[in-house]
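These notes are about the structure you will find just below.
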Amino acid sequence: MAKIIVVTSGKGGVGKTTTSASFATGLAQAGHKTVVIDFDVGLRNLDLIMGVERRVVFDFINVIAQEATLKQALIRDKRVENLYILAASQTRDKDALTEAGVARVIDELSKDFDYIVCDSPAGIEKGALLAMHFADEALVVTNPEVSSVRDSDRVLGILSSKTQRAKTGESVKEHLVITRYDANRVARGEMLSVEDVKDILAIPLLGVIPESRDVLNASNQGAPVISMPEVQAAEAYKDLVARFLGEERTHRFLDPSSKGFLNRLFGG
Amino acid sequence: MSLTVLRLNTPDTDRVIAGIEAEVARAPKLFSGLPVLIDLNRHRVDIAQVADIARNQGLVPVAVVDADDDSAASARACGLGVLQQAALDSQASRPRSDERPAARIVDQPVRSGQQLYARGTDLIIRAPVSAGAEVLADGSIHIYGPLRGRALAGCRGDETARIFCQSLEAELVAVAGNYLVADDIASEHRSQPSMVRLVDETLTIENL
């Protein structure tokens, strides 16, 4: 049986899709057969970030509507073994997602895969609710600012009351992922610190991804940031995946860089 | 056991229905499964319809009070009891605290957008109450963690109810309908272990 993980946040633009892409890639690189599903019907992005947008023939909605088989719709990643992508439909609307349909697809995927990563759309509407409905675990992605933390708190409430696990009296295992973290701005009091966010959300911290222009570069190139060499955000995502798989790793990139004038001059 | 009384102030059935729907919409969890007496207040309304609407909204109408003979007959016809006004008076004068059910204890964080209500008793929360969450109790509220959302104690008028928390960062605190919003809470109480209670009908905050 596959483990089903939802990547969710409430607020848009915090890094759900970036995190889904890197997380799924990391799991696959660790040798686990992984599929990542884009639940953002009508606003599909995951295929772009994974660099497979030119190979989408059938999508998630086609499979739900039984217009295509899973085999036809799953896109195999060319760079990483064991990694598959199920793209969202760009032309349908969210009503095309049905609980029974999603259940059937996830059930079928469960037979073949070790991990199913569900990339949730923003908001708390149908798409987001269905993305989390069957989850065993959740990565709650938050930026270190008040409105993002508030929305994540709302999503945590929904995870603990509306999901299938909540309804059967079990709980969804929650992990905190803080993205776009800028230690220098935290030091200046312009951003919430890791401790502030942990204090408000009261769930275990899985990873902190530093703010980095490499993330945007990676998206534009259609490669998950985790696969970029010598990039802090990539290192942070690798740590995150290792921690998820049970390894103990200390959190890095939490301290402000002490770049003085000379350092900056000489690129230190 | 205490019963909530739905007292009609108008003979206009439509306005009564609109009133019930508006009140329930404000806090659906608070009213869900709540037994109510319908105090007709000598008005004549379409009892069957009012009872139906009340049921649809999750209330459990038990009986009518203060009905004239016609209304009493139609109340019986739709399965409601008929009580005398005196029954209601003895209800109201009896102290509620003797038969309080056990406190409601919650171990999970109360998240933004969630509403939690301890009917007829105290509420004990062993986790944070987030900004945007609302906790209500007919008795007192104890929070072993920070209170960042709204807390309303003594929801049905118990003026001896209190609110306790380990860190007062609330958006709103209220006891028996007397409330303070965040802006009214003095800075010396902010983020402090605090107790909120009514003293001479004034809502007062004390550091613990």
Side chain, backbone, both or neither: which part of [X] has a heavy atom under 4.5 Å from chain B?
X         : answer
Ser152(A) : neither
Ser161(A) : side chain
Asp151(A) : neither

Q: Pick whichever of Leu201(A), Val155(A), Ile124(A) has the most heavy-atom pairs under 4.5 Å with chain B.
A: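 Among the listed options, the one with the most contacts to chain B is Leu201(A).
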Q) Can you name the nearest heavy-atom pair linking Leu136(B) to Leu123(B), along with the distance? A)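 What the structure gives for the nearest pair is O-CD2, 3.7 Å.
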When you check the gap from the basic side-chain N to the acidic O, do [X] and [Y] get nearer than 4.0 Å?
X         : Y         : answer
Arg150(B) : Glu171(B) : no
Asp136(A) : Arg165(A) : yes
Asp182(A) : Arg188(A) : no

**Q.** Contact winner vs chain A - Ala131(B), Gly145(B), Pro128(B), Pro109(B), heavy-atom pairs under 4.5 Å
**A.**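 Max contact count across the listed options: Ala131(B).
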Q: Check step by step if side-chain contact (heavy atoms from CB on, under 4.5 Å) holds for Thr250(A) and Asp239(A).
A: CA-CA 8 Å; Thr250(A) 49; Asp239(A) 287 354; over 6 Å; no
